[in-house]
Amino acid sequence: MKKLIAANWKMNKTVKESISFVKEFEKIVNEKDVDIVICPAFTSLNVVANEIKNSSIKLGAQNMHFEDSGAYTGEISALMLKEIGCEYVILGHSERREIFNEDDFLINKKVIAALKNNLKPILCVGENMGQRKNGKTREIIQNQLKNCLGNIDKNQILKINVAYEPIWAISKGNPNHKAATAEDAEEGHKFIRSVVEKMFGKNISKNIRIIYGGSMKPENAKELLGMPNIDGGLVGNASLNAKNFAEIVQSAK
Ligand code: 13P
């Protein structure tokens, strides 16, 4: 399956910085064998869309509201993202869950709204350190998948990319933070695939893309991406630097 490498810039990069990243990145990478997605802040979506219009790089957003329009001050809808050129949207990121109190049921509404508007969700799931230490990893991931993927037409499931992001592995901007080992990440991915199989059958579970997020960087990308159930990466901190992000993309080939 074609690998997906997505940059989640989080709340980083001004418009100017976003433009200069894309200009530098496009000089180093021209890769058709990997799906490359850049998810900048909302304020940079338009300019990044413009910069990448003649390349194979795809645009993604980091969040959205589940309604198409209405009295929701400060929110952005799937309809707006689609019009600006987004193909992907990250949903249910642990930072949205933890800091902005998003729960599985809200995320499920967003997944449904994204699909309705022809956006491909990157649905994040994963346990925190306390849950892991208490042996709850599988239960947490299974519940997140069941709740967030509820009421979704089977025919639409393969438009979804699941991102396994163990919260304890997320760098929070520290470049020296430790990623999950390739074995631990693989175990999580295998489990996710087994839950998807129970929910939607073997054909879908075999073909759904499950990508890893949490301190992926040039030093560990090859090993992580070499695991049989890891179909790509959702990269935070290391995606802020064009050379590092390019190296990770090359490791996915
Ligand atoms: P880091 O790569 O900075 O650990 O972030 C991972 C992440 O949260 C991507 O969504």
Side-chain angles (χ1 to χ4, degrees), residues 3-13 17-18 21 25 34-42 44-45 48 58-64 86-100 102 107 110-111 114 119-129 131-132 140-141 144 148 160-182 184-185 188-189 192 209-225 227 230-252:
K3 287 200 168 26
L4 168 72
I5 303 291
N8 176 8
W9 285 352
K10 309 191 178 184
M11 196 173 73
N12 292 293
K13 294 198 190 292
E17 289 166 347
S18 303
F21 174 103
F25 182 73
V34 178
D35 283 333
I36 305 170
V37 180
I38 295 179
C39 305
F42 288 129
S44 288
L45 284 172
V48 171
K58 303 290 194 323
L59 188 65
Q62 298 174 18
N63 181 31
M64 53 167 253
C86 286
E87 189 172 323
Y88 291 82
V89 59
I90 299 171
L91 296 174
H93 192 280
S94 59
E95 286 148 20
R96 301 283 332 158
R97 292 174 187 262
E98 286 189 333
I99 308 169
F100 302 100
E102 291 198 8
I107 296 160
K110 294 184 178 198
V111 174
L119 288 172
K120 297 173 186 150
I122 299 175
L123 170 66
C124 303
V125 299
E127 79 289 358
N128 64 30
M129 194 37 115
Q131 293 160 338
R132 189 170 185 86
I140 294 291
I141 294 175
Q144 288 174 338
C148 296
I160 298 171
N161 298 273
V162 178
Y164 176 48
E165 296 213 319
I167 298 170
W168 46 271
I170 295 179
S171 78
K172 297 201 160 69
N174 171 8
N176 300 317
H177 194 84
K178 271 211 161 61
T181 62
D184 284 344
H189 283 234
I192 290 170
R209 216 156 32 179
I210 307 172
I211 67 178
Y212 168 81
S215 301
M216 186 180 273
K217 43 196 149 199
E219 298 89 304
N220 60 24
K222 210 173 178 103
E223 195 188 357
L224 285 161
L225 294 166
M227 301 310 274
I230 300 186
D231 308 316
L234 181 53
V235 190
N237 198 50
S239 76
L240 295 171
N241 175 289
K243 286 196 188 73
N244 288 342
F245 189 55
E247 261 191 68
I248 294 172
V249 169
Q250 302 298 351
S251 315

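Computed from a predicted model, the values in this text were never measured in an experiment. Atoms within a ligand are numbered from 1 in the order they appear, just like the ligands themselves.
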Return yes if some donor-acceptor pair links the side-chain N/O of N241 with the main-chain N/O of A238 below 3.5 Å, else return no. no
Ordered by chain then number, the protein residues lying under 4.0 Å from ligand 1 by heavy atom are N8, K10, H93, E165, I170, S171, G214, S215, L234, V235, G236, N237
Quick check: are there more than 12 heavy atoms from other residues, nucleotides or ligands sitting under 6.0 Å from CD of E223? no
Please work out which of the three classes, parallel, tilted or perpendicular, describes the rings of F245 and F21, given edges at 30° and 60°. tilted
Residues K120, D35: salt bridge by 4.0 Å N-O rule: no
Hey, does the side chain of D231 reach the backbone of I210 with a donor-acceptor pair shorter than 3.5 angstrom? yes
Side chain R96, main chain I107, donor-acceptor under 3.5 Å: no
